[in-house]
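Here's the structure we're looking at; comments come further down.
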Protein chains: 2
Amino acid sequence: MESGRARPTIKAVAAVAGVSTAAVSQAFNNKGRLSEATRRRILDAAMDLGWSPSAPAAALRSARTRTLALVVRRPTDVLGADPHFSELITGIEGELAPRGYGLLLHLVTDVDEESTLYERLAAEGRVDGAVLTDARTDDPRPALLTRLGLPAVMLGAPDPDAAVPGVGLGHQGAGVGEVVDHLLGLGHRRIAYVAGPAELQHTRLRRRRFEDGLRAAGHRPFAVLHTDFSEGAAIAATEALLAAADPPTAIVYANDSMAVCGIGTAQRSGLRVPADVSVVGYDNLPIGRWLHPRLTTVDQQVQQVGAAAARLLLARCGEDAGDARLDGRPRLVARDSTGPAPH
Amino acid sequence: MESGRARPTIKAVAAVAGVSTAAVSQAFNNKGRLSEATRRRILDAAMDLGWSPSAPAAALRSARTRTLALVVRRPTDVLGADPHFSELITGIEGELAPRGYGLLLHLVTDVDEESTLYERLAAEGRVDGAVLTDARTDDPRPALLTRLGLPAVMLGAPDPDAAVPGVGLGHQGAGVGEVVDHLLGLGHRRIAYVAGPAELQHTRLRRRRFEDGLRAAGHRPFAVLHTDFSEGAAIAATEALLAAADPPTAIVYANDSMAVCGIGTAQRSGLRVPADVSVVGYDNLPIGRWLHPRLTTVDQQVQQVGAAAARLLLARCGEDAGDARLDGRPRLVARDSTGPAPH
DNA sequence: CCTCCTCGGTATATCGATTAACCAATCCGT
DNA sequence: ACGGATTGGTTAATCGATATACCGAGGAGG
């Protein structure tokens with residue numbers, strides 16, 4: 001009951017190619033000095049045998065696993081980061097795959113669990129680096145990761161003197177400026193903002209952009225409400241806003257999921273979107289395109305951010321990863337959930 | 001510029017505990033025979049030093065990586081599997097984490113890429129097993145994986161004589177029966193089904209359930225349309241159905257994303273949901289709860305399926321993984337997008 | 001013609017655990 | 001009190017690659 005022949009080792013390849021195992025290793029790692037002819041011969045032999053270097057063996061000897069970690073905090077019942085998730089991974093994987101790197105994914109529920117997880121990953125030498133998501137204010141993770149000697153990048157505003165470089169969201173909230181202009185241009189003056197949890201960094205950034213944008217045009221926010229990204233909070237915030245004596249004509253939400261809740265809530269209370277109230281989201285989830293009305297939102301190009309983060313992290317792991325720069329910035333996607341202000 | 005002391009090895013722990021390295025290994029793997037006292041002493045020493053066994057070293061020697069692979073096919077621009085994704089991973093991770101297993105995630109675009117990826121993962125010895133998603137008709141992967149000697153489980157109908165056991169969807173489509181009964185009970189008689197791509201296994205299963213359910217009650221499907229899960233196809237199918245001389249009063253979609261498209265399409269053409277046409281989805285995506293109208297759908301409990309798949313795979317990897325049985329079955333979640341048939 | 005360098009490789013120690021084989025005490029039944 | 005288990009460990013080989021040090025053969029330079 002042999003389940004196929006045992007996997008070939010580097011020795012078999014060396015034998016077939018008529019060289020030493022060291023030569024085989026060098027051929028695969030582009031190190032040492034080999035003539036082009038023998039390099040070819042070795043590669044062909046390996047191909048014939050279907051051999052690839054054993055990842056554990058290589059990792060043990062070279063102390064490099066060619067694996068990166070992505071830890072996602074997934075608090076129960078939250079409308080937040082989840083959908084990014086898939087796009088983010090797409091962006092990251094797009095950079096890892098061609099270089100033969102793997103992505104080790106972990107889910108945790110809170111920040112303590114996340115920390116002990118990093119400690120274990122580092123102690124076990126399972127990964128070469130980590131992508132940190134959801135930058136918080138006073139985030140403990142950069143210090144932890146540097147203590148552990150694990151290269152990392154943070155998805156969030158690059159903080160010049162942070163222990164860990166940030167990626168992509170330096171212009172975070174930039175799209176919110178466009179949103180404000182868009183709404184002002186449509187004649188809206190009473191504009192409310194439904195924000196996320198205060199401890200998330202992007203919450204602060206977007207909120208400030210919102211307030212600054214209005215102020216620059218000589219207006220003031222109708223209101224700014226914080227939520228925990230839960231369905232209930234989104235609905236409650238929307239109801240509170242709409243119940244005001246002189247309710248807002250436009251509501252901007254910190255993400256698309258809450259915006260969808262908001263549209264549903266408005267519609268259920270008999271209002272038309274956008275005739276009575278305009279709604280704007282943030283994230284550009286695919287679903288926004290299929291809704292009625294189609295959701296106006298901000299595309300923050302998570303996929304590119306993920307790719308840039310991966311490139312930066314690879315570079316920090318000593319890989320030659322091209323340009324770590326991020327191309328693209330958040331941009332308004334105007335669709336049907338926004339329209340001229342009533343009256 | 002020392003970035004902390006080098007990581008401790010098993011030798012250091014052995015020295016501190018005053019035993020041999022073999023004893024340390026045994027203490028961590030619950031093998032061999034050690035007195036409870038020394039076991040404690042070793043564990044304490046390890047804790048003090050912050051030591052965990054090096055994953056690469058352990059993997060090399062024991063030929064077990066304690067890592068499983070999940071490969072997700074992510075065709076561009078598809079409304080399909082994506083959202084499962086996050087829930088599926090949650091379910092899998094919930095079983096892996098407590099056992100110290102990791103999940104290696106890869107994204108591919110087509111089935112060939114997926115195959116060569118498995119070959120590389122096997123050749124490199126990077127994983128102990130794999131979770132296969134999206135069972136297809138005449139799926140080449142079970143044969144491939146067995147040839148590679150890589151344990152695997154398939155998310156899909158358990159096929160008794162398949163090379164790879166299936167998980168969770170033996171009752172796949174079971175929820176569709178409930179859907180049909182629900183709609184019939186509401187007085188609908190002209191019921192259409194918008195299916196997924198024919199090459200996916202669950203498409204066939206659900207379609208059959210749909211047709212059988214109607215037939216059992218003495219009715220016939222209004223129509224069954226196949227799509228490729230794209231937005232365009234979902235919209236086109238919906239428009240075609242609604243343009244019929246005597247259009248259906250209810251449309252059942254193979255997933256929630258298409259159902260949302262369908263609702264949007266119907267609403268844009270001036271129809272009310274559910275007053276003029278009822279809509280049913282499949283998946284129970286969170287978003288369905290926030291929409292207006294709230295989406296009637298089928299909860300197939302992807303998370304439990306993921307967990308069961310993980311348990312089964314762990315068992316096939318020689319782990320003691322408890323019961324691989326799946327608790328829970330797909331169930332109808334009746335909400336507001338379905339209502340009494342018009343007239 | 002001798003020396004020195006470069007080219008193209010090879011021999012071997014090593015990464016850090018696991019595991020099979022082995023062994024010294026202690027225990028137990030008769 | 002003695003032979004055979006049992007307990008509680010140890011010794012040493014090994015997993016499969018990588019990397020450092022080394023080495024022989026030509027070629028160049030003087």
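Lettering follows sequence order; numbering is per chain, from 1.
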- Mind listing the closest non-hydrogen atom pair of B:Arg99 and B:Asp320 along with its distance? NE-O, 3.8 Å
Whole-Å gap separating [atom2] ([N]) and [atom1] ([X]):
| X | N | atom1 | atom2 | result |
| --- | --- | --- | --- | --- |
| A:Leu34 | D:dT18 | CG | P | 13 Å |
| A:Arg126 | C:dA17 | CZ | C1' | 14 Å |
| A:Gln26 | D:dA19 | CD | C1' | 9 Å |
| B:Leu49 | C:dG16 | CG | C1' | 15 Å |
| A:Ile10 | C:dT10 | CD1 | C1' | 13 Å |
| B:Glu36 | D:dT7 | CD | C1' | 14 Å |
| B:Ile42 | D:dG9 | CD1 | P | 8 Å |
| A:Arg66 | D:dA17 | CZ | P | 15 Å |

Can a side chain N or O of [X] be found less than 4.0 Å away from OP1 or OP2 on [N]?
| X | N | answer |
| --- | --- | --- |
| A:Trp51 | D:dA17 | yes |
| B:Thr38 | D:dG9 | yes |
| A:Ser25 | D:dT18 | yes |
| A:Lys31 | D:dA19 | yes |

- Note on the structure: Judged by nearest nucleotide, the residue sitting upstream toward the 5' end of DNA chain D, B:Ser35 or B:Ser62, is B:Ser35
Using the side-chain heavy atoms of [X], tell me which of these nucleotides is nearest: [options].
| X | options | value |
| --- | --- | --- |
| B:Arg61 | C:dA17, C:dC15, D:dG9 | C:dA17 |
| B:Arg33 | C:dG9, C:dT19, D:dG9 | D:dG9 |
| B:Thr21 | C:dG16, D:dT18, C:dT18 | C:dT18 |

Test item: side-chain donor near acceptor, [X] and [Y], under 3.5 Å:
| X | Y | value |
| --- | --- | --- |
| A:Tyr101 | A:Glu95 | no |
| B:Arg126 | A:Thr67 | yes |
| B:Ser54 | B:Arg7 | no |

Counting the atoms with a prime plus P, OP1 and OP2 as sugar-phosphate, which does [X] contact under 4.0 Å by heavy atoms, base, sugar-phosphate, or nothing?
| X | result |
| --- | --- |
| B:Ser20 | base |
| A:Ala22 | base |
| B:Leu60 | base |
| B:Ser54 | sugar-phosphate |
| A:Val19 | sugar-phosphate |

- CZ of A:Arg64: more than 12 outside heavy atoms within 6.0 angstrom? yes
Using modelled atom types and a 3.5 Å cut-off, is there a donor and acceptor pairing between side-chain atoms of [X] and backbone atoms of [Y]?
| X | Y | value |
| --- | --- | --- |
| B:Glu113 | B:Thr109 | yes |
| B:Glu93 | A:Leu107 | yes |
| B:Asp139 | B:Arg141 | yes |

- Message: What's the angle between the local helix axes at either end of the helix from C:dC1-D:dG30 to C:dT30-D:dA1, using five pairs per end and rounding to 10 degrees?
- Response: 40°
